[in-house]
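See below for the structure under consideration.
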Amino acid sequence: MTVLILVLIALFVLFGVRNLRMRFITRPVFSFFKKVLPPLSSTEKEAMEAGDVWWEGELFRGNPNWNTLHNYGKSTLTAEEQDFINNQVMTALTMIDDYDIVHNRKDLPPELWDYFKKEGFFALIIPKKFGGREFSANANSTIVSKIATRSISAAVTVMVPNSLGPGELLTHYGTQEQKERWLPPLAVGEELPCFALTGPEAGSDAGAIPDLGIVCRREFNGEDTLGLSLTWDKRYITLAPVATVLGLAFQMRDPDGLLGDEENIGITCALIPTDHEGVEIGRRHNPLMMAFMNGTTSGKDVFIPLDWIIGGPQFAGKGWRMLVECLSAGRGISLPALATASAQMATKTTTAYSYVRQQFGMPIGKFEGVQEALARIIANTYQLEAARCLTTTGIDLKVKPSVVTAIAKYHMTELGRDVVEDAMDIQSGKGIQLGEKNYLGHAYMSSPISITVEGANILTRSLMIFGQGATRCHPYVLAEMETAAMEDQKAAINRFDSLLMGHMGYAARNGVMAFFNALTASKTNSSPVSGTTQQYYKDMSRLSSGLAIMTDLSMLIMGGDLKRKEMISARMGDVLSQLYLASATLKQFEDNGRQQDDLPIVHYVMTERLHLAAKALQDATRNFPSKLVGILLKVIIFPIGNHFNAPTDKQATTLADNFLQPSPARDRITFLCADFEGDKSGIAEVESAFLAKISCKHLYAKIRKAQKAGDLTPKLPALATFAEALEKNVISQEEHDLLTDADEKRLAAINVNDFETL
């Protein structure tokens, strides 16, 4: 006890007396930090400074304020937005024949192009004062999603002008003259935009684009003009083959000092009419047979005046920050919308098909193997809709959550692919035989496109989510990095001393909380709700504190090498991502009014999210470069083991059984997949068969009872069984007609297209 007291006194003196602390702690640690903290490149620094920290900041810091999450409000549509969806969007759906678009036309029909232009589908984000609709992110996402349930090609065509491109960049950064010149014709479809960022040498590493703009003077419109000589080579540019205005990202240089002393000005964005001299629009690509326009563009020594730079000459070199901030539209709205749409369509059709399709005398949805996949489909679809709503809520709050949108892009496109693949497994032959009756094939074929664009998913997971999140969301690290770079060493040391004390207290609190929560199974944590979901909030707080202490020790041990330890970074990013997805799920449950028939889905989703988050933490400790620190982290985070298990078989079968019948819960997670007259996609066909067979459920039971009693012959074909049942007065003529009609619809739903020749 005496020794302990002396140690505590020594520590109190060491940390409490500033001169001693500065000499023996702050200065040595400061020198160490300058060596190990990861250096930031100029593009990394701009990426760190661009965008905002939002809900992910709470999750990253070890003690989330759950009331903050619930106070963000519910994502809703205005009356004007809902009216547009009820009328213009529904009309557009009746004009879509996706099989014809993809396999015959290789393009949208002219009447659909004209309708999209006339009704402002390309102007969803353009301000009303320039003729646009100025819809919310939620409305933008919902509109794209509804179209995507019937045609990915049509949805992408609408998506791109309302995503990263001239419209958004002009709205945020354009000069008044540029806005007045371009936004009104863009709003009515007189001008069609594309944006060229990706090239053969720069994909996910957009900051490394080799395309150049050299400052020079030339004659333009009869006058000596200061401008740029542009040379570029771009590919994968959606809408390029039909665009009339080209947004272009390039490296800007001023070797002759015409603008000042700086030679390498940096990434810049400009707006160029595609009929401008020297602009080349190349041939089309074929993105997995989808029919949206995608192709190449290039130019060599193309001269443009400086005022064609988006935002004017004062925005020269600021293109990277502009792009990073505006990428949230593509990452947070458009691509997640496609994934959610495909999932809702797959859920609606696969639950119906699983009841309609019979093998061995019963619906295939009653087999446990199928139910296992069905449960994943249903749960992931609920998760996708929840994440879609939470992410668009953040964007509509006028924050630019760069880490959140990276999470949304990566995990939602992957979940969307998982749902469609499970649906393909269940519907099997129905899914692989292309034709007008096939609603899954194009969604399956196109899913890798979303996964590839806006930054490859592998790099999004391994570099962006944790790489940006660890620095942006941590309450001290970014400030410490800035302090380490200060030229005034005295001021830097003084500032660092204050930051260090706060950082040490923060790390100690998270370590103690992670350990205490593990020993008590999070029972003492607070929750903003009562009932069956309250434990999930408590467990998420526990995992959040575990992530926080692991982050601190990782940055301390690995320093600048951490960003090269991509597997460790990816796992810690997975923890953050799973906590974000789980947050979205719980908020969706609350926003929907705590619907009791949603609880089986919520329980399944939350069990899976917590299981994956804990597994990622456990795998990170097991693979930690320092075995000693890995053991320490395991003792802190999982002192009595990892008890976050995957969903049980019972949860899966209960969830699947609940969705093999019409219900409000089924309607809620398939609402984007609208029903309308004239639907040629096959979706209406399988849904009609599903409802018809459900309506005859009691008649099938009556027939089975008669067969067991020996009154009817077993194992006859369906129509022969119905005829015998009518003849023997087991069923009435009206009941016979209902059964016959249901069976005709069943056969139509399970049949596929065939062709005389391909």
Return a table of donor-acceptor pairs under 3.5 angstrom between the side chains of residues 117-134 and protein atoms on other chains or two or more places apart.
from : atom 1 : to   : atom 2 : distance (Å)
E119 : OE1    : Q88  : NE2    : 3.4
K128 : NZ     : E80  : OE1    : 2.8
R133 : NE     : E119 : O      : 2.9
R133 : NH2    : E119 : O      : 2.9
E134 : OE1    : K128 : N      : 2.9

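- Across every non-hydrogen atom of V420 and L440, the tightest pair is CG1-O, 4.4 Å.
- Judged by distance alone, the side chain of D254 and the main-chain N or O of L259 form a donor-acceptor pair under 3.5 Å.
- Separation of atoms CD1 (I333) and OG1 (T405) is listed at 9.5 Å; rounding is to 0.5 Å.
- By the 4.5 Å heavy-atom criterion applied to side chains, F315 and I310 are not counted as neighbours.
- Within the 4.5 Å cutoff, side-chain heavy atoms of V144 are placed close to those of N140.
- Between L338 and M159, some side-chain heavy-atom pair lies under the 4.5 Å cut-off.
- Nearest heavy atoms, P313 versus D307: CD-CA, 4.3 Å.
- With sequence neighbours excluded, no residue forms a ring pair (Phe, Tyr, Trp, His ring centres under 6.0 Å) with W113.
- Within the 4.5 Å cutoff, the side chain of S229 has heavy atoms near those of the R218 side chain.
- Of all heavy-atom pairs spanning A249 and L197, the tightest one is CB-CD1, 3.7 Å.
- Heavy atoms from other residues, nucleotides or ligands lying under 6.0 Å from CD of Q314 number more than 12.
- Atoms SG and NZ, from C269 and K318 in turn, are 13.0 Å apart once rounded to the nearest 0.5 Å.
- The number of heavy atoms from other shown groups lying within 6.0 Å of CG (L258) is above 12.
- A salt bridge links R150 and D679; the closest N-O separation between the charged side-chain nitrogens and carboxylate oxygens is under 4.0 Å.
- To the nearest 0.5 Å, the span separating CD1 on I237 from SG on C194 amounts to 7.0 Å.
- Between the side chains of T413 and S450, no donor-acceptor pair of N or O atoms lies under 3.5 Å.
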For residues 384-394, tabulate all N or O donor-acceptor pairs below 3.5 Å that involve a side-chain atom, not counting sequence neighbours.
from : atom 1 : to   : atom 2 : distance (Å)
E385 : OE1    : Q344 : NE2    : 3.2
E385 : OE1    : R388 : NE     : 3.0
E385 : OE2    : R388 : NH2    : 3.0
R388 : NH1    : S141 : OG     : 2.9
R388 : NH1    : T142 : OG1    : 3.1
T391 : OG1    : A387 : O      : 2.7
T391 : OG1    : Y580 : OH     : 2.8
T392 : OG1    : R388 : O      : 2.9
T392 : OG1    : C389 : O      : 3.1
T393 : OG1    : C389 : O      : 2.7

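- At a threshold of 4.5 Å between non-hydrogen side-chain atoms, the residues M290 and V156 do not count as touching.
- Between M322 and H172, the closest side-chain pair of non-hydrogen atoms is not below 4.5 Å.
- When atom types are taken as modelled, the side chain of N753 and the backbone of E436 share a donor-acceptor pair closer than 3.5 angstrom.
- Distance alone, capped at 3.5 Å, is enough to place a donor-acceptor pair between the N294 side chain and the Y236 backbone.
- For the residue pair E677/T94, the side-chain donor-acceptor check at 3.5 Å is not satisfied.
- Remark: side-chain polar atoms of T274 are paired, donor with acceptor, to backbone N or O of T244 under 3.5 angstrom.
- Between M345 and Y439, the shortest heavy-atom contact is CE-O, 3.2 Å.
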Problem set entry | Test side-chain contact (heavy atoms from CB on, under 4.5 Å) applied to L192 and V245, step by step | CA-CA 6 Å; L192 198 62; V245 57; over 6 Å; no
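- Using a cutoff of 4.0 Å between basic side-chain nitrogens and carboxylate oxygens, R666 and E687 are scored as salt-bridged.
- Look at R105 and D98 and you find no salt bridge, because none of the NZ, NE, NH1 or NH2 atoms lies under 4.0 Å from a carboxylate O.
- S681 places a side-chain N or O within 3.5 Å of a backbone atom of I683 that can act as its donor or acceptor partner.
- Classified by interplanar angle (parallel below 30°, tilted 30° to 60°, perpendicular above 60°), the ring pair F220/F303 is tilted.
- Side-chain atoms of T296 never come within 3.5 Å of backbone atoms of K234 as a donor-acceptor pair (strictly under, hydrogens ignored).
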Problem set entry | Trace of the side-chain contact (heavy atoms from CB on, under 4.5 Å) decision for V403 with V53 | CA-CA 8 Å; V403 176; V53 175; over 6 Å; no
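- Among all heavy-atom pairs drawn from A674 and L93, the shortest one is CB-CD1, 4.4 Å.
- Of the possible donor and acceptor atoms, one in the side chain of N162 sits under 3.5 Å from a partner among the backbone N and O of V158.
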Problem set entry | Evaluation steps, side-chain contact (heavy atoms from CB on, under 4.5 Å), between D107 and M293 | CA-CA 7 Å; D107 189 9; M293 292 291 171; 3.3 Å; yes
Exercise. When you look at K348 and D667, which way does the salt bridge (Lys or Arg N to Asp or Glu O under 4.0 Å) test go after all the steps?
Worked result: CA-CA 8 Å; K348 186 180 183 77; D667 292 341; 5.7 Å; no
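- With rounding to the nearest 0.5 angstrom, the CG atom of L228 is 7.5 Å from the OG1 atom of T268.
- We find the CD1-OG distance between I449 and S153 to be 8.0 Å, quoted to the nearest 0.5 Å.
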Problem set entry | Chi angles and distances behind the side-chain contact (heavy atoms from CB on, under 4.5 Å) call for I395, N138 | CA-CA 9 Å; I395 296 171; N138 181 36; over 6 Å; no
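- When all heavy atoms are compared, the tightest approach of S151 to I101 is OG-CD1, 4.3 Å.
- Considering H411, E56, R461 in turn, H411 is the only one that fulfils the side-chain hydrogen bond (donor to acceptor under 3.5 Å, both in side chains) rule with S577.
- The local environment of CD in E111 is crowded, with over 12 non-hydrogen atoms from other residues, nucleotides or ligands closer than 6.0 Å.
- Listed for the N264 side chain is no donor-acceptor partner under 3.5 Å among the backbone atoms of G266.
- Within 6.0 Å of the CD atom in E277, the count of heavy atoms belonging to other residues, nucleotides or ligands does not exceed 12.
- The shortest side-chain heavy-atom distance between F195 and L246 does not fall under the 4.5 Å cut-off.
- With a 4.5 Å cut-off on side-chain heavy atoms, I267 and M252 do not count as touching.
- Side-chain N/O atoms of S298 and D233 include no donor and acceptor closer than 3.5 Å.
- Side-chain N/O atoms of N286 and K106 include no donor and acceptor closer than 3.5 Å.
- Looking only at distances, a side-chain donor or acceptor of Q178 sits under 3.5 Å from a matching main-chain atom of G311.
- Put simply, the side chain of T149 gets close to the backbone of K146: a donor and an acceptor are under 3.5 Å apart.
- We find the OG1-CD1 distance between T297 and I272 to be 8.0 Å, quoted to the nearest 0.5 Å.
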For this session: Start with the C-alpha distance between Q251 and D211, add both sets of side-chain angles, then the distance that settles side-chain hydrogen bond (donor to acceptor under 3.5 Å, both in side chains), and finish with yes or no.
Result: CA-CA 6 Å; Q251 296 279 3; D211 312 283; over 6 Å; no
